[in-house]
Amino acid sequence: MKIVTWNVNSINTRLEHVKRYLRESGPDVLMLQELKTENFPAQDFENLAYHSRAVGQKAYNGVAILSKHDINVIAQRLPGEDSDEQARYIEVEINNLRLINIYAPNGNPVPGEKYDYKLRWMKRLTQRLRDYVANDQSFVIGGDFNIIPEEKDCCDPKAWKDDALFLPNSRKALRTLENLGLYDAFRIFDTRARQFTFWDYQAGAWQKDNGIRIDHFLLSPALTDRMESCVINRDPRGWEKPSDHTPVELTLQTDGKKP
DNA sequence: ATGGTCGTGTGACGA
C-alpha cells in the first residue's frame, strides 16, 4: 500500500501536476496540503477513480486526502482550541487503517503570536496522538510538519537557527512526538544528510539544492514493522511551475487481502 | 551590492 504526502501550494494552480502524479505513480492514498481554496476539485479526481475528502478555507491552508478506496472521515479539526478555525487537519480511516494528514503552522515571524500558535498546535497534536498510543491504536500521520528535525536536514544550519522551523522548541515538539513511540519513517532506512522535501522559490534554491526536510511520515510501532520503504520523489519539484515541496512516498506491506 | 519567488485576490500578507 503506497501512501504519499505532498504540499502542493494551491490545488488549483497545481491541478494538472497532481493529476499527472496520480496517473504516473498511482498511489493508494495521497495526502495534500496548502490547497488555498474552499472549492476542492473533487470531480477531477473522481474522473481518475480517486475518492477524496477535503477540509478547506479561502486563500490559506487546507488539507485533503485522495484514495482509491472508500474514505471514512473521523475528524476535520484538531481538538483542543475551540477558536481555531484554520484548515490544517483531517483524520480518516481507509481499509481499517487510521490516517492523519496535517499542515502544521509555519510559526514565523519569531517571536510573536504565530510562533505561540505553532507551539500550542503541536501540543494539541501531541495530546491527540498520546491517547492513540496509550490505546494501542495504530496510525500513520503524514504532512507538512514545518519542522526541520536535525542539522543534517538543512543545507546551512546557521541560516536557520532563529527560524520557527528550526528553533529548539520547534524541534523539541517533533521529538516529543517521537518520544511517544512514533518513528520518523524516512529515517528508518535512510540516514543520509541533505535529503530535502522543500526548496524555496527564491535565490535559485532548487538549482543549488539548498533545501530543507519538513514533510514527514510518523508511524506507530506496529506499522513501522510493516514499512517497506519511504522515499522522497524529487521529480515533481523539477516540473514546469512546480510546488515548492515534493512528494514523500511511503509503502506498507499488505496483509495479503487488502492493499 | 541588490533584489531575488510564488499564490491569493486585487491589499498586503503568508510562506
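Chain letters run A, B, ... following the sequence lines, proteins first, then strands; residues in each count from 1.
Here, B:dG4 and B:dA15 have their C1' atoms 15 Å apart, quoted to the whole Å. For the C1' atom pair drawn from B:dG9 and B:dC13, the interatomic distance equals 11 Å after rounding to whole Å. Taking atom C1' on both B:dC6 and B:dT10, the two are 16 Å apart, rounded to the nearest angstrom. Taking atom C1' on both B:dG11 and B:dG7, the two are 14 Å apart, rounded to the nearest angstrom.
A salt bridge is defined here as a Lys NZ or Arg NE, NH1 or NH2 lying under 4.0 Å from an Asp or Glu carboxylate O, and A:Lys19 with A:Asp44 meets this definition. A salt bridge between A:Glu93 and A:Arg98 is present, with a side-chain N of the basic residue lying under 4.0 Å from a carboxylate O of the acidic one. A salt bridge does not link A:Glu34 to A:Arg88: none of the charged nitrogens lies less than 4.0 Å from a carboxylate oxygen.
Near DNA chain B, meaning a heavy atom under 4.0 Å away, there are no residues from residues 156-172 of chain A. Contacts with DNA chain B (heavy atom under 4.0 Å) in residues 10-17 of chain A: A:Ser10, A:Thr13, A:Arg14, listed by number.
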Below 3.5 Å, can you tabulate the donor-acceptor pairs from side chains in residues 171-182 of chain A to any protein atom, sequence neighbours excluded?
| from | atom 1 | to | atom 2 | distance (Å) |
| --- | --- | --- | --- | --- |
| A:Arg171 | NE | A:Pro149 | O | 3.4 |
| A:Thr176 | OG1 | A:Lys172 | O | 2.8 |

Please table the atom pairs, donor to acceptor, closer than 3.5 Å between any side-chain atom in residues 205-214 of chain A and protein atoms at least two apart or in another chain.
| from | atom 1 | to | atom 2 | distance (Å) |
| --- | --- | --- | --- | --- |
| A:Lys208 | NZ | A:Ala203 | O | 3.0 |
| A:Asp209 | OD1 | A:Trp199 | NE1 | 2.9 |
| A:Asp209 | OD1 | A:Arg234 | NH2 | 3.3 |
| A:Arg213 | NE | A:Asp153 | OD1 | 2.8 |
| A:Arg213 | NH1 | A:Asp184 | OD1 | 3.4 |
| A:Arg213 | NH1 | A:Asp184 | OD2 | 3.4 |
| A:Arg213 | NH1 | A:His216 | ND1 | 3.4 |
| A:Arg213 | NH2 | A:Asp184 | OD2 | 2.9 |

Distances for protein N or O near nucleotides 10-15 of chain B N or O, under 3.5 Å:
| from | atom 1 | to | atom 2 | distance (Å) |
| --- | --- | --- | --- | --- |
| B:dG14 | OP1 | A:Lys114 | NZ | 3.1 |

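Distance, A:Asn39 CG to B:dT8 P: 12 Å, rounded to whole Å.
No side-chain donor from either of A:Gln127 and A:Arg124 sits under 3.5 Å from a side-chain acceptor of the other. In this structure, a donor-acceptor pair under 3.5 Å is absent between the side chains of A:His245 and A:Asn9.
Between the CG atom of A:Leu250 and the CE atom of A:Met31 there is a distance of 8.5 Å, given to the nearest 0.5 Å. Between the CG atom in A:Asn135 and the CZ atom in A:Arg130 there is a gap of 12.5 Å [rounded to 0.5 Å].
The backbone N or O of A:Lys2 sits less than 3.5 Å from a side-chain atom of A:Asp28, completing a donor-acceptor pair.
Each ring pair (Phe, Tyr, Trp, His ring centres under 6.0 Å) pair with one or both residues in residues 33-61 of chain A, not counting sequence neighbours, appears once here: A:Phe40-A:Phe45.
Residue A:Ala59 is in sugar-phosphate contact alone, with no base atom involved, counting any heavy-atom pair closer than 4.0 Å across all strands shown.
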